[in-house]
Structures are given as C-alpha cells and as structure tokens.
Amino acid sequence: MTDTPLRTPTLLSLVAPVYDEELLIEEFVARAVAALADYDFELVLVDDGSSDRTPELLDRIAAADPRVRVIHLSRNFGHQAALTAGLEHAIGDVVAMIDADLQDPPELIPDMIAQWSQGSDVVYAVRQQREGETAFKLATASWFYKLFDKLAQVDLEPNSGDFRLLDRRALNALLAMTERSRFLRGMTVWIGFTQTAVSYQRDARHAGETKYTLRKMLRFSLDAIASFSHLPLQLATYVGILSAGVAFIAIPVVIGLRITDSYLPGFGSITIAILLLGGIQLIAIGVIGEYVGRIYDEVKHRPLYIVREELNHPSSSSRAAMVPATRAGLPARAPERVL
Ligand code: UDP
Ligand code: MG
C-alpha cells in the first residue's frame with residue numbers, strides 16, 4: 001500500500017481464543033507482540049476452559065505484560081463463544097481476531113491494518129494454501145464451503161477462516177447479533193460495510209492437535225447452515241409435493257390397470273413406497289428438529305459464555321485513562337470509502 005493512510009488506529013485489539021495450547025501459547029504471544037510493535041495494542045486472550053497448563057502460562061504472561069489481557073471462562077464454551085467473549089471485551093477502535101495456534105500469521109496484521117486505513121471496514125484473510133492439514137479436513141472443508149454457498153444467502157469467500165480485522169463500527173454491528181448458534185465468519189459478511197480480502201499462506205499448526213473433532217466440525221457446519229438458510233426446511237415441502245404428485249399420477253394408472261385386468265399384486269412396490277415415504281418423513285422431522293432445537297436454545301437466552309476471572313482489565317491498569325478516550329474519541333471517519 002503506497003497510498004497515504006486515511007486513518008490510523010488509536011488502539012488495536014487482537015483477540016485470540018485459546019484452548020489447551022500449552023505447547024505454543026508463549027510462542028504465539030511472542031510473535032503477536034513482535035508483529036504489533038508499531039501499534040498501541042491490547043492482546044485479548046480468552047482461555048476457553050483449558051485443562052492443561054495454559055491457564056497458568058497465561059497468568060504468567062499477563063503478569064509480565066499489562067498489554068496482554070486474559071479472560072478465563074468458567075468452562076469450555078467452544079471456539080465461537082470464546083471468540084465472541086474476546087470481541088465483547090475488546091476496547092480498540094480496530095479489532096482483529098486470530099487463532100492462537102499460529103496457523104494464521106500475526107505478521108499479516110499490519111497489511112490488514114493498511115487496508116483498514118484505506119477505508120475498508122472488514123478485512124478478511126483468505127488462505128492461498130493450507131499446509132499440514134489432512135486430506136480429509138481439506139475435502140470436508142471444500143464440500144462444506146460449496147454446500148454453504150448453495151444454501152446460504154451470504155457470499156462467504158471459500159477458504160476464509162475467522163482471521164479477520166474489523167472496524168469498531170462493523171464490530172458493534174456484529175456484536176448486536178446476539179444469536180446463540182454462531183458462525184462468526186458468515187456473520188461478518190452479513191453485516192455488510194466495505195469488505196476487502198488479503199491473501200496469505202496458511203501454515204501448519206505450530207504444535208499440538210486440532211481441537212475440532214469430527215463431531216464438533218459437523219455440529220459447527222450444521223450451525224452455520226441453519227443460521228444462514230431455511231432451505232433444508234423448504235426442501236421437505238418440495239419433496240412432499242413431488243411424491244404427492246407421483247401418487248396422484250399413480251391413481252389413474254392403477255385404475256386403468258384394474259380395468260384392463262393387467263393389474264399385478266404389488267406387495268414389493270408398496271413396501272418400498274411406504275419405507276421411502278416414511279424415511280423422507282423422518283428426515284423432514286429431523287430437519288425440523290434441528291431448527292426447533294436451535295429456536296429452543298435462542299429463547300432460553302442463556303449467556304454465551306461465563307467469565308471466571310479477568311486479568312489486566314483496562315480500568316485496572318495504567319491504560320485506565322485511555323478507555324473513555326478510546327471509546328469517545330474514535331478516529332474521524334473517512335468521508336467516503338475509497339478503494
Ligand atoms: N479453540 C477454543 N475452544 C475450543 C476449540 C478451539 O478456544 O473449544 C481455539 C484453539 O485454541 C485455537 C482456535 O480456537 O486457537 C482454533 O482451533 P483449532 O486450531 O483446533 O481449529 P482448526 O484450525 O483445526 O480448525
Ligand atoms: Mg488450527
């Protein structure tokens with residue numbers, strides 16, 4: 001970017017969810033802090049109920065550096081909830097989210113900020129290559145993005161993860177979406193604003209293993225599709241109309257066969273029809289169940305996450321004076337988007 005920036009960040013928040021990452025958390029913090037050295041920043045690390053040494057490592061890091069804020073959740077609430085916790089606690093006028101496993105390079109953030117300073121409100125990172133992931137994960141991810149693209153009403157860039165940077169205005173819009181089933185990368189597209197992509201190489205995990213089991217991945221995909229599409233529900237209607245249509249056509253055929261006396265007793269075909277329709281009905285009920293379950297979760301309106309402890313809260317540190325300044329004194333907006 002050679003253009004002169006239209007705005008510069010007052011305070012940058014970098015949010016990362018952390019779950020059982022004792023092997024790499026220190027490395028992550030070191031790289032993130034180094035990458036953001038040119039900015040006034042806060043690093044918001046959300047410990048998603050880790051059961052290894054991660055919490056104590058985080059406490060130690062927070063004690064050594066007041067710019068590192070640590071939020072311990074009371075148990076494991078899942079990646080998207082932990083990320084939301086971090087976004088809600090961040091106070092910066094520019095907020096970036098990143099995975100803590102170093103698959104997303106923190107060194108890309110200055111490039112993302114450069115896009116933001118040119119007037120972009122949402123900058124998302126698109127992975128060019130995905131290193132060190134199993135063929136199974138790559139295949140399922142690619143199916144998922146294709147299916148999501150067909151079903152959902154938002155245009156999600158395939159291969160864009162949760163590595164994104166948002167302007168405060170865009171973040172406030174995102175946080176106004178209070179739904180329980182969260183698919184943050186879809187939600188950041190849904191809010192609109194000016195969106196720009198930055199591409200990067202996705203590295204292999206620095207250490208440790210993926211925290212997404214096949215089950216979690218399946219649940220996550222269902223959440224994503226159910227929160228952005230009603231098509232699975234409508235599909236039952238279409239299949240219903242189709243099979244009812246076939247049945248109606250079959251009535252005169254059967255009568256005709258009866259009259260011409262070429263009617264054959266069709267035990268097999270009847271059984272197949274019953275099983276087929278029964279199966280379709282059960283699937284349709286299952287699909288409805290998926291949505292009803294989510295509606296139930298929404299109406300219970302439970303909190304998305306519970307904070308057990310918070311370290312280096314801005315009002316308790318030397319940054320105290322900056323909090324109202326950051327909130328009130330958001331930088332002057334560029335008059336119009338220039339891209
Ligand atoms: N994570 C989390 N809670 C969870 C699972 C994962 O906070 O229940 C964090 C994890 O520590 C990492 C990020 O979310 O920083 C992405 O997880 P992971 O790398 O396991 O997912 P993948 O990259 O394999 O999709
Ligand atoms: Mg990962």
Side-chain angles (χ1 to χ4, degrees), residues 14-32 43-58 61 68-90 96-106 108-109 124-145 148 156 158-164 180-186 200-224 304-308:
L14 180 61
V15 175
V18 189
Y19 176 52
D20 284 356
E21 305 284 13
E22 61 180 4
L23 296 175
L24 52 74
I25 188 62
E26 285 162 318
E27 170 79 10
F28 168 73
V29 173
R31 265 179 66 182
L43 185 57
V44 184
L45 300 175
V46 183
D47 161 31
D48 189 14
S50 300
S51 54
D52 63 358
R53 281 176 54 244
T54 305
E56 58 175 283
L57 292 175
L58 286 175
I61 295 168
V68 181
R69 293 173 59 190
V70 172
I71 295 157
H72 292 290
L73 301 187
S74 63
R75 65 168 169 85
N76 180 248
F77 282 90
H79 180 201
Q80 302 286 301
L83 201 47
T84 307
L87 294 175
E88 285 186 349
H89 283 79
M97 39 181 151
I98 191 169
D99 282 355
D101 61 1
L102 289 169
Q103 276 191 291
D104 307 326
L108 190 72
I109 293 169
Y124 56 92
V126 180
R127 29 199 190 222
Q128 290 276 299
Q129 221 170 11
R130 296 175 66 157
E131 298 270 340
E133 285 186 295
T134 59
F136 179 72
K137 176 128 189 175
L138 292 181
T140 46
S142 131
W143 293 337
F144 168 73
Y145 280 108
F148 188 83
L156 183 65
N159 281 324
S160 64
D162 283 322
F163 190 16
R164 271 143 211 268
R180 254 100 276 275
S181 319
R182 299 181 84 75
F183 183 54
L184 282 166
R185 60 197 82 160
Y200 74 110
Q201 303 272 330
R202 187 159 167 96
D203 296 330
R205 220 172 200 287
H206 184 71
E209 284 182 347
T210 173
K211 304 296 179 296
Y212 269 97
T213 55
L214 185 61
R215 238 180 86 140
K216 271 194 186 175
M217 232 155 64
L218 209 61
R219 191 107 294 269
F220 186 47
S221 317
L222 282 177
D223 267 349
L304 261 175
Y305 58 87
I306 295 166
V307 175
R308 170 168 66 76

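Note that ligands are numbered from 1 as they come in the structure, with each ligand's atoms numbered from 1 the same way. Since we're looking at a predicted model, the values are computed, not measured. Worth knowing before you read on, the calculation uses all heavy atoms, side chains too, and leaves out hydrogens, waters and symmetry mates.
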With side-chain hydrogen bond (donor to acceptor under 3.5 Å, both in side chains) as the criterion, how do Y305 and D48 come out once you've worked through the C-alpha distance, each side chain's angles and the decisive distance to 0.1 Å? CA-CA 9 Å; Y305 58 87; D48 189 14; over 6 Å; no
Within the 4.0 Å heavy-atom shell around G78, which atoms of ligand 1 are there? 3 (N), 8 (O)
Please work out, at 4.0 Å between heavy atoms, whether the side chain, the backbone, both, or neither of N76 comes within that distance of ligand 1. side chain
Check whether any N or O atom of E209, backbone or side chain, sits under 3.5 Å from an N or O atom of ligand 1, and answer yes or no. no
Does the shortest distance from the Mg ion (ligand 2) to an N/O/S atom of T210 fall below 2.8 Å? no
Indicate the atoms forming the closest heavy-atom contact of A125 with L108, along with that distance. CB-CD2, 3.9 Å
Out of curiosity, L14 CG to I109 CD1, how far, rounded to the nearest 0.5 Å? 4.5 Å
Ligand-side contact atoms (ligand 1) for residue partner Q103, heavy atom cut-off under 4.0 Å: 19 (O), 23 (O)
Which of the numbered atoms in ligand 1 are below 4.0 angstrom from a heavy atom of A100? 15 (O)
For atom 25 (O) of ligand 1, the option (of K211, E21, Q80, K137) bearing the nearest heavy atom: K137
May I ask you to check if R75 and F77 form a cation-pi contact, with NZ or CZ under 6.0 angstrom from the six-membered ring centre and within 45° of the axis? yes
Tell me whether the Mg ion (ligand 2) has D99 as a neighbour, meaning an N, O or S atom of it below 2.8 Å. no
Touching ligand 1 at all, K216? Heavy atoms, strictly under 4.0 Å? yes
Which of the numbered atoms in ligand 1 are below 4.0 angstrom from a heavy atom of V18? 7 (O), 11 (O)
Approximate separation, where rounding is to 0.5 Å, of K211 NZ and N76 CG: 10.5 Å
Any heavy-atom pair between the side chains of R53 and I25 that's under 4.5 Å? no
Side-chain donor or acceptor of D101 paired with backbone N/O of Q103 under 3.5 Å: yes
Quick check: of its N, O or S atoms, which one does D101 have closest to the Mg ion (ligand 2)? OD2
For Y212, take its heavy atoms, then give the atoms of ligand 1 lying under 4.0 Å from any of them. 20 (O), 21 (O), 25 (O)
Heavy-atom proximity to atom 14 (O) of ligand 1, best of M97, M217, H79: H79
What one should report as the nearest heavy-atom pair of P17 and I98 is CD-O, 3.3 Å
Y212 and H79: side chain to side chain contact (heavy atoms under 4.5 Å, CB included), yes or no, with the steps? CA-CA 9 Å; Y212 269 97; H79 180 201; 2.9 Å; yes
